[in-house]
Structures are given as C-alpha cells and as structure tokens.
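Every number for a ligand or one of its atoms is a count from 1 in the order of the listing.
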Amino acid sequence: MNCHDVRETLEGYIAGDLADREASEVARHLDACPACAAAYEETRLLVAELKDLSGAFRPVPLDAAAFVSPAASPERRPRRRSWRPAWVLAAAVLLVVLAGAVAVATVPSVARTVPLPVGAQLNDLQQQNELMLEQTRAMEERVRTLEERIKSLTGDDVNVVPTSEQEIPDEVTMAVQQVVIQFIKAQYAGDLQRLKELSTPALDARIDERPEDYLRDNAGTVSFAQMTDVGIDENGLYLTFVRLSDTKVFSDSQYQENFAVEKSGDRYLVEYMETDA
Ligand SMILES: [Zn+2]
C-alpha cells in the first residue's frame, strides 16, 4: 500500500469498515510513515468531533426540569398526583430542538471547508440540520399565531410558548387562558371574592383554608412574562403554566403559576393553582 492508497482508506479504517487484511496493511504503513500517521490523527480527531456535534444536536430525552421545576413546598402539593403530563416532556424536547436548530445551522458550511474525506458525517449533519430548520420554521409560525391570538384575547402583552401537540379547539384555549389571566389579576388585586368566583368548589374550599397562598396584593403590579399553550391531562383538565413577575416581590426574577382548569357547564373554572419556582 502506498501513501495515496492509505489516505483513501483512512476514513474506513477509522470507522472499522476495512477487512482485517487491509486494516493491518494500513496499520503497518502508519507505523512506518509519519506523514500518513499525521493525516490519520487529524482525520480521527475530526471524525470524533463531527460525531460529537451530530450527537449534541439530536433531540435528547430529558426531564421537564428545564421548564417546570419541582414544587418548592411539598406540603402544599395537591391531592392530585399526576399533574405533570407527557405533553410537558414533549414540550421540553421541542424547545431543545428549537434551540439546537439555531445552533446547528452554521455547522455544515464550516465543516465542509475541511479538506478531508468525511463525507458521510457531513451528510448526516446536513440532513439533521435541514430537518431541524424545518421544525423550527413550523414552530416559529405556531408561536406567531399563538402570540397574536393571546394578545387580541386579553389586551395584555403575553408571550405564548407552544407546548402541546394535542389539538385543543381555539375557543377552549382562549377560554382557559382568559380565566387564568383573570385569576392572576384577582390575586394581585387581593380580590378574594373574584378568586372564588373563578374557582371550582374544591379550590374555593382550599382558598378558604389558606387565602395567603393565593393572594398577591402585597406584591405590586403583575406582568405576564410567558404563558404555555393549553394541554389536557388524562382527567380532562386543561393545563397551562404562566411565568410572572411583579413590581415588589418578584421585581428582578420570575416565578411560575401552574394551573389546571375544569369545564363546568359552559364555564371554565380554576380547579387547581400551584406556585412553582
Ligand atoms: Zn504514507
């Protein structure tokens, strides 16, 4: 095997694709030829790097901690146990894909300028990149639509994050988000009566037990930072999470309120509200 032959087979050698006899010929040549040994080392590192890259941009399974952290105080947890449904996980994965797609967009063009035979890896990356860009575009479109929808709904400036892949009718989403926003406004207005009107009998009773968990009237003025799309859990409750700040208690950070909303006759009522980090 001469230098040319060896350079041609380096990628296969690194991938372990060569027949034993051919592989040992390459190994012998690399032992004896510093130039090819250097080319081998360079190719090996590049392939490893590209594999790392393509691994890094694959949507990975993760827990929902990035978006919904565990409740701060366990004793305040509700009787309802399965409150974080699968769509929250799906949401977290989608958000990672969205972030990854932006990051990966510049990789293939950079990598393509590297004059080494790593075509297969580049192809892989390119394909993943295109797939993710497609998903990003679809999600961006969805975010825009949802943002317009929520803005015309409440008159407040609320950013909506798409989370649920489930088909919830628009009017249901609106009704749920509207009751949630009214609920939060009543919290900040210290309007206990209004809070109870917006609640199911079960929540009404919990508000009576611990009104201080629900009232925010010492916290100044609320601003809505972000609101998830509406999902539905296995009990038929509508779920949405809102990230908030205000002018006194959370003036330089945000917190989250998690809502479960129940349809009751032709009204939507808050069945459960949990404060989250
Ligand atoms: Zn050589």
Side-chain angles (χ1 to χ4, degrees), residues 1-70 84 86-145 159 161-165 226 228-229:
M1 245 187 194
N2 60 27
C3 289
H4 177 77
D5 296 337
V6 167
R7 303 292 173 99
E8 289 286 289
T9 55
L10 271 184
E11 207 187 339
Y13 178 70
I14 290 162
D17 287 343
L18 301 188
D20 288 353
R21 196 180 47 79
E22 202 179 3
S24 54
E25 276 181 47
V26 172
R28 242 195 331 277
H29 184 96
L30 292 179
D31 277 346
C33 173
C36 285
Y40 160 76
E41 189 54 20
E42 210 177 335
T43 308
R44 192 184 63 77
L45 289 175
L46 182 69
V47 168
E49 221 168 293
L50 286 170
K51 278 186 179 154
D52 267 9
L53 274 179
S54 56
F57 293 122
R58 212 166 286 139
V60 287
L62 76 174
D63 62 39
F67 194 71
V68 186
S69 56
R84 253 160 232 151
W87 66 268
V88 176
L89 301 183
V93 172
L94 280 172
L95 290 172
V96 168
V97 171
L98 183 65
V102 175
V104 81
T106 57
V107 170
S109 59
V110 173
R112 247 190 252 109
T113 65
V114 179
L116 285 169
V118 287
Q121 280 81 3
L122 288 180
N123 261 339
D124 268 8
L125 268 179
Q126 182 64 32
Q127 276 171 13
Q128 287 181 30
N129 184 33
E130 277 162 15
L131 183 68
M132 286 194 272
L133 285 176
E134 219 170 87
Q135 289 172 332
T136 307
R137 273 193 290 271
M139 286 188 57
E140 280 171 353
E141 182 53 38
R142 198 144 172 238
V143 172
R144 259 195 305 280
T145 315
N159 293 316
V161 187
T163 47
S164 173
E165 285 303 292
Q226 224 171 39
T228 64
D229 200 357

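- Annotation for A37 and L30: closest pair CB-O, 3.6 Å, computed over non-hydrogen atoms.
- For the Zn ion (ligand 1), protein N, O or S atoms closer than 2.8 Å were enumerated as C3 SG, H29 NE2, C33 SG, C36 SG, with waters left out.
- Scored by the side chain to side chain contact (heavy atoms under 4.5 Å, CB included) test, A38 finds no partners at all (sequence neighbours excluded).
- Nearest heavy atoms, I14 versus Y40: CG1-CE1, 3.7 Å.
- Between N2 and D5 the shortest heavy-atom distance is OD1-N, 2.8 Å.
- No side-chain heavy atom of H29 sits under 4.5 Å from any side-chain heavy atom of V26.
- Checked for salt-bridge contact, R28 and E25 miss the test: no charged N lies under 4.0 Å from a carboxylate O.
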